[in-house]
Amino acid sequence: MAGLPIPTNDQSLTRTMRIAEGVAVFAGGVILAWLVQYYAGGLLDVDGFYHARMGDLYAKGVIQDAGEHYHWMRHSIFTERFADKDYFWHLFLAPFTMVFGDDPAGLERAGMWGAAVAAGFIALVAVRVYRCHGLIAPALWVALMMTASETFIFRSAMCRSHVLSIAFALLGWHLIATRARLALIILAIFYTLTYTAPHLLLALAGMYWLVEAVSPENGALQLANPRRYLRPLMPFGCAALGIVIGALLHANSENMIMLWVVQNLAVPLHSYGAHGVANWLGELVGFPVEYVEVTNLGMELNPPDGRELLSSHGIGVLLMIVPWIMASALGVRPTRRDTFAWLCAFMTFAMFLANERFAEYFFPFAALAGGGMISRALISEPVRDARQRSPMATRFAVATVVLLVVVNVVARPVSLHNMISGRERGQYAGLGDAINKHVPKGEAVFHPDWHVFTMLLFYAPEHDYVVGLDPTFLALRSPLHFRAYMGMRSGEEKPGGLSQTYDEIIHGLFDMEWVSVVPANHDAFAKIFQRIELKKHAVLVEADKNDKWRLYKLAPRPDKPASR
C-alpha cells in the first residue's frame, strides 16, 4: 500500500528553480538566526556555551578519552554513567570550533554559526516538505513559519540540539506520510543520536495509524478486516527500529537507555505523583529515582497564558482553524494527508499549551496543515471561477498574504528585544579567567547554581565542577547532596537538614575547597560566605572590582564528613 495520496498542485518548477528556491530559503533561515544572535550580543542562552565547548572537546578527542566518566560534573549521574544525549549535535559543532578556534571569542562564533546553519536546515526541510505536500508558494509559508512567533524565532536560533529535532520531526512526518521505510529508519537513528525526544516520531506514526485505520474506504470502515489496522503500523515499526538501532550505536548505549528512561519516564511520573512506578523504573535501570522537589527550570517551561496565546502565537491558532472553515465553505474536502497534517498540528498544539517551549514543533505543523488546506481551496473550482471573474480580488488576497509575511519578518525580530536584551555574560568570563589563574588544573570548584556550570566549562574547561544542565542529574545521584546543594544556594540556615556550616559541608560532603560566588544570582549564599571569610574559614582569592563574582579557597580543616 502506498503512502497517503499526494494532493494535486502545481509541481512544474524546474530542477534549477527548486535548487534556487532551496538555496534562498536556507540562506534566509541562516541570516535570520544570525541576526537574532547578533542583536543579542552572542549565543542566546547559557546552554549554548556548553554545547560550543563540547564541540571543541570532541574535536580534540577529550570527551572520547573520558568515556563514561564525565568528571566535569563530579556529583551528577554523568560522573559514572555518562551518555551524551546531544552526541550528533556536538559532532556537528566540532568542525565549526576547528574553523573559529578554541578561545572564548572563537568558540562563541562557532556556536553562533552552527546554530544559524541548523536554522537554515529547518527552513530547507520545511520548503521541501511543504512543496511535496502541495502548498502553493511554499517559500512564503516557510517565511511565515519562521517568523510566526517570538518563541519560535528565539528557540530556532539557539545553539541547542532541539533545533535539529525541529527539522527531523517535520522530515519524519513526510517520510511517514510517504511510507519511505528505509529513509525513516535512517532518520530515526540520527534522531536518537542527536536529541532525547526521538519518540516524537512514534507519536507522529500514531497519528498516521489513526488516519489510515479510521478513514473509510469505499464508504465503509471495514471493521472486521484486521489488515486495515495492521498495515498502517509499518511506519511505527520503522521508527521504533531506528530508535533501537540508534540507541545501540551510541558509544554508551546502556547509559543512553538509562538516561532516556530516567528523563522521559521516571522524572515526569514523579512530577505527576506516581512515585511508586517512577521508583520501580529507576531501579530497573540502576538509578532509584527518589522523589525530590526540583525547582522550576525557566519561564520557557510554563504554559502560555490566554492573552499571550493570541498576541504572540495567534497566527498558529488561526492556521489551525480558519483554512478549514474556508475550505468547508467552498466545498473542498480534505485528503487523508490533510487530516494527518492537522492531527499532528493539533497534537503539537496540545504540547504547546502545556509547555511554551513546544512552539518549536507547533508552528511548522500549523503552517503545514493550514497552508495545505488554503492551497487546496485556491485550486478548487469555486475559487478558479472567482479568479476568472475578478482577477483583482485574487491579487488582493495574494498581496495580503505577502504583507502578512513581510510584517512578521520585520516586526517579530524587533519584538524579541525584551526576550534577548540585557543578558549578562561578562562576569563569567572574569570568573573563568580567575579559575584558570588560581585553581590547579583538574581540581574542582564549587558553584551554587547548576546554570553557571555551562559558562564555567566554557571559560575554564580544564577544571571540574559540582553539577550542570539540570539539577535532576544531581538529585538522581544523591538526594542528600541535592538537598544540601539546594539549601545552600537559597541561604538556608541548615541546608538539607545538615548540622554543619557551609564550608564544612563543601569540604566534607562535596570534597571541594574552591568556591565560586556570583552575588547577583544568589545573594544569600554570597553574604554567608562573607561571614565565613570573616571567621577565617575561607580566603578571598580574587574578586571582580564591581563584585560581579568572587573566588574563595576554603581554609584547611579537619576531615569531617557532613552529618545530619
Side-chain angles (χ1 to χ4, degrees), residues 41-43 46-57 59-60 62-63 65-66 70-76 97 100-111 423-468 488-489 502-503 506-507 510-523 525-557:
L43 295 172
V46 294
D47 282 9
F49 291 86
Y50 160 78
H51 293 300
R53 177 57 74 183
M54 285 291 287
D56 170 61
L57 295 178
K60 295 175 178 175
V62 176
I63 300 297
D65 292 341
Y70 194 85
H71 57 81
W72 291 270
M73 290 191 280
R74 288 198 178 180
H75 294 281
S76 166
T97 68
F100 291 99
D102 62 355
D103 63 289
L107 273 187
E108 187 160 9
R109 285 196 298 272
R423 291 174 171 261
E424 283 287 337
R425 298 187 178 91
Q427 68 265 37
Y428 301 113
L431 178 56
D433 289 341
I435 291 172
N436 288 325
K437 181 166 57 175
H438 298 288
V439 182
K441 292 181 180 179
E443 290 200 18
V445 179
F446 185 91
H447 54 99
D449 192 335
W450 65 89
H451 282 115
V452 172
F453 165 78
T454 62
M455 308 298 290
L456 295 180
L457 180 70
F458 182 80
Y459 289 108
E462 295 182 319
H463 301 84
D464 296 345
Y465 305 97
V466 181
V467 71
M488 283 191 287
R489 72 191 297 269
Y502 280 38
D503 55 309
I506 294 171
H507 247 318
F510 288 91
D511 192 25
M512 296 179 178
E513 61 180 359
W514 297 89
V515 181
S516 66
V517 179
V518 179
N521 288 358
H522 299 289
D523 182 60
F525 183 85
K527 290 178 178 176
I528 286 172
F529 251 84
Q530 283 181 318
R531 295 200 296 268
I532 291 174
E533 180 191 357
L534 290 174
K535 293 179 180 180
K536 307 299 183 182
H537 294 165
V539 177
L540 180 62
V541 177
E542 188 176 345
D544 176 70
K545 62 181 181 180
N546 297 316
D547 200 30
K548 289 185 176 181
W549 54 265
R550 305 174 202 156
L551 180 64
Y552 290 96
K553 184 177 182 180
L554 299 181
R557 295 177 64 82

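Sequence positions, counted from 1, serve as the residue numbers for this chain. Keep in mind that what you see is a predicted model, and the values were worked out from it rather than measured.
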Taking C-beta and beyond as the side chain, do [X] and [Y] meet within less than 4.5 Å on heavy atoms?
| X | Y | answer |
| --- | --- | --- |
| Trp72 | Val62 | yes |
| Gln530 | Tyr552 | yes |
| Trp450 | Met73 | no |

Task: Residue list, side chain to side chain donor-acceptor pair (under 3.5 Å) with His447, at least two apart or on another chain - done: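 Applying side chain to side chain donor-acceptor pair (under 3.5 Å) to His447 gives none.
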key: Partner residues of Glu443 under the side chain to side chain donor-acceptor pair (under 3.5 Å) criterion, sequence neighbours left out   =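 For Glu443, the residues satisfying side chain to side chain donor-acceptor pair (under 3.5 Å) (neighbours in sequence not counted) are Trp514.
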With sequence neighbours left out, write down each residue that passes salt bridge (Lys or Arg N to Asp or Glu O under 4.0 Å) with [X], or none if nothing qualifies.
| X | result |
| --- | --- |
| Glu533 | none |
| Lys60 | Asp56, Asp102 |
| Lys441 | Glu462 |
| Asp511 | none |

- request: Check ring-ring contact (aromatic ring centres under 6.0 Å, His included) between Phe458 and all other residues, then give those that pass, not counting sequence neighbours.
  value: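 With neighbours one apart ignored, the set is Phe49.
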Fill in: side-chain hydrogen bond (donor to acceptor under 3.5 Å, both in side chains) pairs, two or more places apart, involving residues 431-440
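Applying side-chain hydrogen bond (donor to acceptor under 3.5 Å, both in side chains) to every pair that reaches into residues 431-440, excluding sequence neighbours, yields Lys437-Glu542, His438-Glu542.
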Does [X] have any side-chain contact (heavy atoms from CB on, under 4.5 Å) partners at least two apart in sequence or in another chain, and if so, which?
| X | answer |
| --- | --- |
| Asp103 | Ala105 |
| Ile532 | Tyr502, Asp503, Ile528, Phe529, His537, Ala538 |
| Arg74 | Ala444, Asp464, Met512 |
| Ala526 | Val517, Pro519, Arg550 |

**Q.** Reference residue His75; test ring pair (Phe, Tyr, Trp, His ring centres under 6.0 Å); the match among Phe510, Tyr70, Phe453
**A.**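 The residue from Phe510, Tyr70, Phe453 that satisfies ring pair (Phe, Tyr, Trp, His ring centres under 6.0 Å) with His75 turns out to be Phe510.
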For this session: Report yes or no: does His463 contribute a side-chain atom to a donor-acceptor pair with the main-chain N or O of Val445 at less than 3.5 Å?
Result: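 Such a contact is absent between His463 side chain and Val445 backbone.
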Problem - Any donor-acceptor N/O pair, Asn546 side chain to Lys548 backbone, under 3.5 Å - result: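 No; judged by distance alone, with no hydrogens or angles, the pair does not exist.
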Roughly how far, to the nearest 0.5 Å, is CE of Met455 from CG of Leu43?
->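 Rounded to the nearest 0.5 Å, the CG-CE separation comes out at 8.5 Å.
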